[in-house]
Amino acid sequence: MSFVFFTALVAVISYIKTRKDNLSTENGYFLAGRSLPWYVIAGSLFLTNISAEQLTGLNANAFANGANVMAWETTSALTLIVLAFVFLPRYLRSGITTVPQFLELRYGKRMRVVSSAIFIYAIVIGFLPFVLYAGAITLGKLFNISQLFGTSDELTTWIMVIVIGVIGGIYAVFGGLKAVAISDTINGVGLLIAGMLVPAIALSQLGSGSLMDGFSILLTDTPQRMQAAGLTEHANIPWHGLISGVIIINLFYWCTNQAIVQRAFAAKNLAEGQKGVLAAGALKIVGILMLVLPGIIAWHLYQRGMLTIPFKVVDGVTTSVLNSDMSYPILVREVLPTWLTGFFGAALFGAVLSSFNSGVNSLSTIISLDIYKQLIKPTATDIETVRIGRLFGIATIVVCIVIAPFIATSDSLYTLMRTIMAVINVPIFAVILMGVLSKRAPAMAGYIGLVFGMVFFYVAHFVLHDDLGFIKLHWLNLVGLNLLLMLLIMTIVRYLKPMDTPYVQKDSKRVDITGWKHGKLAGWLLVLAFVLLYTVFSPLGLTSPTGSLLSVLIATAIGLGIMYGLYKLYRVFVASGK
């Protein structure tokens, strides 16, 4: 009853808020009429990212590997700062609707078409099926669907995938971006409340009724699992991988991924957009409490026999490997009272819908504006363009429903998603970054860099398995190497065949691009929170008996100094205008 009530409440509020909106125009359907306030942008950014593939996959990684997997979340705060001050002002100044449109302005029409095709691949193959699958297994286990209806786990997954796909599609196809963003915000509040209750109650159970005793167990019993930076050789995310890979992947995700930045495109003005983006950065720091901590708690409960985790089944045969993907939904089901499980399930269902319908809406936008209106019918009216977007949205939903259940054969849900996306995300980001940093880089540099980046990473990771012959790299180090090689190649092309005249961005005058006056302060507060987090949960801090307040303060000061130095270096580079 609590599940049905909260889910229906979100749908009703979203309908009331959007029923008078004009969804027959491109601006109204794809960009919510450029009317979103900062809190809706923040909520929508947060919930589009926080879905079942995050909750299930990241907590599963934390269950298996410890706290170092928080890098995916914490570095998001840093990359959202980059979005707020580097990319978003340029996007809004151009008045664009899609990222490929920005690439057209910088490199030409052909680059818009090529990048559109790549984004379509990324959304259909590397994003939406994972959202569906993770949502299906999480909600299926949370409500014991298999036992309730007497169905097999495989059939249950198919049923849940179809349910999520159909309901999510209704929001995306018929409600437009504003319906998606409003439902995101409401569900985001619910998910924060319910998501924070899970680790609180679980810690209390671990500590035999005391939350603080439970937290003390995390710090004293295998404290290395609570260290934020991967300092061991076999860490899932080694500290150097955080720098060379995680931050780079997150720069693509938060700064150039259509499914994410489309919310910021719909801001009333730059100030509102920056507030929303930086608020989302703060939510990402807080979010580790429900995205990483529960997985670590589940591991300790399992070690004490207080939680039963099933073993992975491959081709019908039970293996000796724990199915860590089940750790989070089983933890939620075990620790929350029944009525709260329904409320949590509704919030999680909303999160799954958020990510799914956001992806569908963004795909519809790209196909309608960057493919249909560019290549097929340039004279299409707004009504025709919106109709095509809806038709392709429906087709996308069907394709993703078919693909999603087959993800079950993978070893690690979250890592598989990230590696598939790495084939295209770093090359796309490198091309956009080159266009921002260099005013004379020609389109040829972008094409050569794009092809080299995708081929190099695919061959090095999926064919050579990260072994380059003379050295074997962690896949995250390979991401950093790929970016450096791409930038080097594009820089060589830029100096051999520079543009005759430097690129000058024109102001479309569609959006007020006056920045938020407190933006820089908010940005540096996020940097401080990031550095403090990694210092406190390090051998210098709480996870070591030899740590001290002085060592934490010194390490924090050094970290802030490095961040400030990188910021000044960027400012000098951009000011050179080359």
Side-chain angles (χ1 to χ4, degrees), residues 45 48-49 53-54 71-88 90-91 96 98-103 106-107 111-112 114-128 130-131 237 241-265 277 280-281 284 355 358-359 362-363 366 414-437 446 449-458 461 475-487 490 570:
L45 283 173
T48 297
N49 174 243
E53 91 280 359
Q54 290 279 98
W72 293 113
E73 294 304 297
T74 53
T75 57
S76 294
L78 300 182
T79 53
L80 279 163
I81 296 171
V82 177
L83 171 62
F85 297 109
V86 178
F87 289 93
L88 188 58
R90 289 171 170 81
Y91 291 152
I96 58 173
T98 68
V99 173
Q101 193 177 344
F102 178 78
L103 285 167
R106 180 60 186 81
Y107 291 113
M111 181 63 81
R112 180 177 185 176
V114 170
S115 60
S116 296
I118 293 172
F119 273 113
I120 291 170
Y121 157 82
I123 294 172
V124 175
I125 303 299
F127 179 63
L128 290 179
F130 289 91
V131 172
I237 300 178
L242 184 152
I243 298 169
S244 68
V246 175
I247 289 180
I248 294 169
I249 291 173
N250 270 339
L251 280 168
F252 161 81
Y253 183 85
W254 290 104
C255 299
T256 59
N257 181 4
Q258 178 67 28
I260 290 295
V261 297
Q262 191 169 336
R263 278 111 194 85
F265 290 167
V277 167
K284 294 303 290 179
S355 293
S358 296
S362 297
L363 186 79
I366 291 173
Y414 200 74
T415 302
L416 175 67
M417 181 181 71
R418 290 304 185 185
T419 50
I420 287 177
M421 290 292 285
V423 174
I424 61 97
N425 57 19
V426 175
I428 281 285
F429 172 71
V431 171
I432 296 175
L433 180 63
M434 193 68 183
V436 169
L437 295 179
L450 202 58
V451 173
F452 172 84
M454 289 190 291
V455 172
F456 174 80
F457 187 84
Y458 178 83
H461 181 68
W475 77 272
L476 288 170
N477 297 142
L478 198 63
V479 167
L481 177 62
N482 192 24
L483 178 66
L484 290 176
L485 290 175
M486 284 186 65
L487 291 176
M490 289 190 289
Y570 161 76

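Positions are given from 1 along the sequence.
Nearest heavy-atom pair, F457 versus N482, reported as atom, atom and distance to 0.1 Å: CB-ND2, 3.7 Å. Nearest heavy atom pair, residue P427 against residue G453, reads CG-C, 3.6 Å. Across L483 and A430, no two heavy atoms sit closer than the pair CD1-CB, 3.6 Å. Residue L103 comes nearest to M111 through the heavy atom pair CB-CG, 3.9 Å, listed as atom of the first residue, atom of the second, then distance.
Distance check, rounded to the nearest 0.5 Å: CG of N477 to CG of L481 gives 9.0 Å. To the nearest 0.5 Å, atoms OG1 (T75) and CD1 (I249) are separated by 9.5 Å. If you take CG on L80 and CG on L83, they are separated by 6.0 Å, rounding to the nearest 0.5 Å. Taking CD1 from I260 and OH from Y253, the interatomic distance works out to 3.5 Å, rounded to the nearest 0.5 Å. For the atom pair K284 NZ and W254 CH2, the distance stands at 4.5 Å (nearest 0.5 Å). In this structure, the separation between CD1 on I247 and CG on L476 is 11.0 Å, given to the nearest 0.5 Å.
Using a 4.5 Å cut-off on side-chain heavy atoms (C-beta onward), F102 and T256 make no contact. Between Y107 and V431 there is a side-chain heavy-atom pair separated by less than 4.5 Å. With contacts defined as side-chain heavy-atom distances shorter than 4.5 Å, the pair I432/R106 does not qualify. Side-chain contact between F265 and V99 is present, with at least one heavy-atom pair separated by less than 4.5 Å.
For the side chain to side chain donor-acceptor pair (under 3.5 Å) test, no residue two or more places apart in sequence or in another chain qualifies with T79. Legend: residues meeting side chain to side chain donor-acceptor pair (under 3.5 Å) with R112, ordered by chain and number and at least two apart, are E104, D370. Listed by chain and number, the residues in a ring pair (Phe, Tyr, Trp, His ring centres under 6.0 Å) with F456 are F452 (sequence neighbours excluded).
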Exercise for the section: Dump the intermediate steps for side chain to side chain contact (heavy atoms under 4.5 Å, CB included) on L363 and Q258, then the final yes or no. Expected result: CA-CA 8 Å; L363 186 79; Q258 178 67 28; over 6 Å; no
Handout entry: Worked check of side chain to side chain contact (heavy atoms under 4.5 Å, CB included) between M486 and F429
Key = CA-CA 10 Å; M486 284 186 65; F429 172 71; over 6 Å; no
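The main-chain N or O of W72 is found under 3.5 Å from a side-chain atom of N250 such that the two form a donor-acceptor pair. Of the possible donor and acceptor atoms, one in the side chain of Y91 sits under 3.5 Å from a partner among the backbone N and O of C255. Side-chain atoms of S244 do not come within 3.5 Å of backbone N or O of V479 as any donor-acceptor pair.
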